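Below, chain A is the first sequence line, B the second, and so on; all start at residue 1. Worth saying up front: this structure is predicted, and the values here are computed from it rather than measured.
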Amino acid sequence: MIRGIKGVKDTLPDEMPRWQAIEGAARRFSHLYGFREIRVPVFEVTELFARSIGASTDIVEKEMYTFQDRDGSSLTLRPEATAGVVRAYIEHNLAASPTAQKFYYLGPMFRHERPQAGRLRQFHQYGVESFGSASPQADVEVISLLWRFLSSLGLPGLTLELNSLGEAGDRPAYKAALVAFLKPLEEQLCQNCRRRIETNPLRVLDCKVPTCRTTTDSAPKLTDHLSPFAQQHFEAVRATLDSLRIPYFLNPRLVRGLDYYTLTTFEVTTTHLGAQNAVGAGGRYDGLVEVLGGPKTPAVGFAVGLERISLMLPEGSVPAATKLVFVAGFGQQGMAAGVRLLDELRFLGVPSDTDFRASSLKALLRQADRLHADYCVILGDDEVAAGTLILRHMQTKEQQSIPLEKAAPSIATLFLKPR
RNA sequence: GUGGGUGUAGCUCAAGGGUAGAGCGCCUGACUGUGGCUCAGGAGGCUGCGGGUUCGAAACCCGUCACUCACCCCA
């Protein structure tokens, strides 16, 4: 038997309603906030991701699905979508467009990681990118969209955390200050953190080991090293969030994994997901468009993990099954008449189905029940001979006889009339 | 990449060396043409795979693969 690839999952029909609920909400909220859909390729030239995400990040160093095209060029399955959206923004000169440059996307991403709860090799993200505005209001608009979208789904235990990473120039200075603080305390840190001092000192602040946390309690804070401009920006973001009554916590330890983030960063976490507690995250990335060869353009965005949302989605929030007419045609004449009736019903826009495997009326009715059909058409040889059919309402068990000739239109009016 | 847990019927799980089982689901019948409920019957398994120990292995040992959780990292 050929099996699917590790960390790559099928979504079976039974699970689709919850996915459609999530994706439907994502589209609805995007449009509410004036974001328009954009679709970019699932694979791009490798260099795009190396340049945007950061050559020395884990994603680029060891998690990308990279392969050689037939002409020898290096291509990569997208590990995230911002890079591709920015590329398209530059390539099609969307900066010159008079309409707002706010986009959303929905689709699969690929990272070669060891699968785990809430983490797959092919996973799906919904994200938005807002280009062209450096205003703190643009940050807030994106955060508000994320927060209201997640809240609307009724996800439990959500927390919004906020931090500022400062302008591009602020981070190196802070990094140096942090390393200077950590070095003398190295003994008190866990193995991982000792390594992190060299590889990624900001991550030490994020460590979950309690002793590390107490050790770093008095560490210099990134927010104390912000330039006046960055400080002002951050304060404006916070004031606006307050005025919208969007609850958040300041988390000076909040750090982003991707290199391109600047100024505002945020993350929505939950207590209901196990180890992978990040549901969605994002921030401002004012330098990225320029880094990728475009005009200097401010931008903010976020991405959320749809599998993680799906894991948390309360049962009640998935909509009930759609309405259906089940046609139970049995016997030689009945089956033939049933096939014709199905065709007519569908032509008239009535969702209808049958089961060609079942031959007895009992088995057909059982199937109608399982599919939660609203009506079942009973159509055997006797009915065909009499030129009628029986229409059974599955819940009330009421049955009526209808002339075969007029059956499809009268079922259609009955079925399609508003409740 | 590292560590732990688990692999038995479609699903959830029993059997801890002596004939592979239950519940749910599925099919059939009771109800000669009327679903759900009830009752009765039935189908469905190389116990992940390969080796080893043993008179005898689902069980014990070795290997391997898969799934899963966690670390790392991230959405």
(request) Give the intermediate values and the outcome of side-chain contact (heavy atoms from CB on, under 4.5 Å) for residues A/F415 and A/V325. (result) CA-CA 8 Å; A/F415 184 84; A/V325 170; 3.5 Å; yes
(request) Have a look at B/G52 and give me syn or anti from its glycosidic angle (syn if within 90° of zero). (result) anti
(request) Check RNA chain B for consecutive Watson-Crick or G-U pairs with both distances under 3.5 Å and list the runs of at least three as stems. (result) B:1-7 with B:65-71, B:10-13 with B:21-24, B:26-30 with B:38-42, B:48-52 with B:60-64
(request) Please determine if A/R366 and A/D355 form a salt bridge, counting it only when a charged side-chain N lies under 4.0 Å from a carboxylate O. (result) no
(request) Using the C1' atom as the reference point in each nucleotide, state the distance between B/C46 and B/A9 in Å, no decimals. (result) 14 Å
(request) Would you verify whether the NZ or CZ of A/R51 falls within 45 degrees of the ring axis of A/F49 while also being under 6.0 Å from that six-membered ring's centre? (result) no
(message) Checking side-chain polar atoms at under 3.5 Å, does A/D242 have a donor or acceptor matched by the opposite partner on A/Y248?
(response) yes
(request) Under 4.0 Å between any heavy atoms, over every strand shown, what does A/F123 touch: base, sugar-phosphate, or nothing? Just pick one. (result) base
(request) For the side chain of A/R114, starting at C-beta, report the closest nucleotide among B/C74, B/G3, B/A75. (result) B/G3
(request) Between protein and nucleotides 33-39 of chain B, map the contacts as a letter string: B base, S sugar-phosphate only, - none, heavy atoms under 4.0 Å, written 5' to 3'. (result) BBBB---
(message) Using atom P in both nucleotides, what's the gap between B/G42 and B/A57 to the nearest angstrom?
(response) 29 Å
(request) Between A/E267 and A/R3, name the one whose nearest nucleotide on RNA chain B is closer to the 5' end. (result) A/R3
(message) With a 4.0 Å cut-off on N to O distance, would you call A/R392 and A/E398 a salt bridge?
(response) no
(message) So, OP1 or OP2 of B/A70: does either fall under 4.0 Å of a side-chain N or O from A/Q116?
(response) yes
(message) I need the residues from residues 6-13 of chain A with at least one non-hydrogen atom less than 4.0 Å from RNA chain B; give them sorted by number, or say none.
(response) A/K6, A/K9
(message) When the C1' atoms of B/C65 and B/G18 are compared, how many Å lie between them, rounded to an integer?
(response) 30 Å
(message) Just the rounded figure in Å: distance from P of B/A75 to CG of A/L311.
(response) 17 Å
(message) Checking the side chain of A/R111 only, and the main-chain atoms of A/L120 only, is there a donor and an acceptor separated by less than 3.5 Å?
(response) no
